[in-house]
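Start at 1 and go down the list; that is how both ligands and their atoms are numbered. A quick note: this is a predicted structure, and the numbers were derived from the prediction, not measured. Note that the numbering runs from 1 along the sequence shown for the chain.
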Amino acid sequence: MNTATLVAELRALLDERGLLTEVADMAPYAHDWRGLFSGTPLCVALPRSTEEVSAVVRACAAAGCALVPYGGNTGLSGGATPDGSGRQVVLSLSRMAAIRKIDVFGETIELEAGCVLQTAQEAAAEHGLLLPVTLAAEGSARIGGVVSTNAGGTNVLRYGMTRSRVLGLEVVTADGQIVDGMRQLRKDNAGYDWKQWFIGTEGTLGIVTRAVLQLAPMPRYRVTALLAVPATAAALNVLRAARQAIGDTLTAFELMSGAALELVARHQQLRLPMGDSSWFVLLEASSSLAGLRDAVEAFLGEVLERGEVSDAVVAESERQEAELWALRESITEAESKEGPSIKHDVSVPISQIPAFLMAADSAVVREFPGTRVNAFGHAGDGNIHYNLLVPPGTDSSAVNALVHDVVVAHGGSISAEHGVGQYRVGELLRCKSPAEIALAQRIKKALDPRNLLNPGKVLPIQ
Ligand SMILES: Cc1cc2nc3c(=O)[nH]c(=O)nc-3n(C[C@H](O)[C@H](O)[C@H](O)COP(=O)(O)OP(=O)(O)OC[C@H]3O[C@@H](n4cnc5c(N)ncnc54)[C@H](O)[C@@H]3O)c2cc1C
């Protein structure tokens, strides 16, 4: 079937707002959030129901045309961007955004894949419940994208990644079949837990159309503190002490280098509430039990006395909390104002963070003189954003290979939370064992034998 026939068929399947074919209308779907990747969609399908998704998938399969699922387009790996062939259909779930049900006893939310993450968070909050996947892009990211990327964020230390929130899923497979697994069960060992195949696989195995997510009680108290620490090893001691003193109330533990906050002070005009230090930790604890602040302050007194923390500021108001978080959340923007950078979203076992940083810093400075390191991240779960401000003309592939080799040598992952998309396919092939790649390819072949779902993403085109 030629592409014009497919477009006519899709137009007949969908309502008058359900198909975009004009270049201007399709422009937002032709490139990724950062403008690193661009492509040419054949058309953009905007179905209103799972049945319409299924019909679109069947029509594309019959025509042999590939589909690119599209959520809020905030992914940082080019996963939702089509290729340049002009033969790929972008499938946006934005018109399937309903919140179907909130169960206050089971603490669950049932929603369609096009629902914006922040809308779901706000709906849960109205019932005193927390949807604890939180990201700077939550005002745009959609549940289907969040599930398909297994998104992380700042609360993973306490609540886990998106995967640990997904109780039920409905998906449409590559042949257009609808598979309804919208169960609300915490315990379900009846056979394969097939929903895991569709979480974090970036739309390469199926289209997520609905989900049931586990919520948590909304904590009533929150304490936020900024700590100056002399070294990353001291930061780990503070993390351990915090876990022992305040346990699961520790919600976020963000590590930031002094260099990162110097960029923030210079470019964002945000003032540090204490003097310079090599490293800083932004810590947040939350609980519904009174006495949290006393517990945090007692623990801070101990680490200050031991010299593991050289200075500490505890926020006294919501405004001060926001000011402390603004320091952390402004790092990326400050970095982009400083100049071009090469970014790495990596993870290592928590105990390896100091050794990884030391080894990576010395390798980078040795091999690429003039490079400046801007390291920060969710240290409480081992995730470091290892960004490098490089001199003009630096070969980014060579830098990536060097950093990723150090990551692998420390037992880490070359993508902690941003996925693979089209950005890291080559590096994934290099850094994972042939047996792991072969296993993934067998799963892909079984679920999408004609490679019609997001080809070229995560795994190379076969
Ligand atoms: C400022 C900023 C901050 C961010 N912070 C974080 C962070 O802290 N932690 C983190 O993990 N990520 C972060 N991200 C990355 C991004 O927000 C997440 O990956 C998010 O989950 C992507 O959701 P989306 O709806 O925008 O997906 P998209 O970008 O639209 O798509 C992402 C991938 O999922 C696939 N997909 C989308 N919808 C579906 C569906 N319904 N079915 C099957 N496949 C689908 C796409 O094909 C693509 O491969 C950040 C991004 C930005 C811009």
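Within 4.0 Å of ligand 1, protein heavy atoms belong to W33, P69, Y70, G71, G72, N73, T74, G75, L76, G79, A80, L93, L135, A136, A137, A141, R142, G144, G145, V146, S148, T149, A151, G152, G153, E202, G203, G206, I207, V208, E417, H418, N454, listed by chain and number.
Ring centroid separation for the pair Y386 and F356 comes in under the 6.0 Å cut-off.
A donor-acceptor pair shorter than 3.5 Å cannot be found between the side chains of E335 and H267. In the model, E436 has a side-chain atom that pairs as donor or acceptor with a side-chain atom of S433 under 3.5 Å. Checked by atom type, the side-chain pair T74/S140 shows no donor-acceptor distance below 3.5 Å. Side chains of E284 and W325: a donor on one and an acceptor on the other come within 3.5 Å. Between H344 and N387, the side chains place no donor N or O within less than 3.5 Å of an acceptor N or O (distance only, hydrogens not considered).
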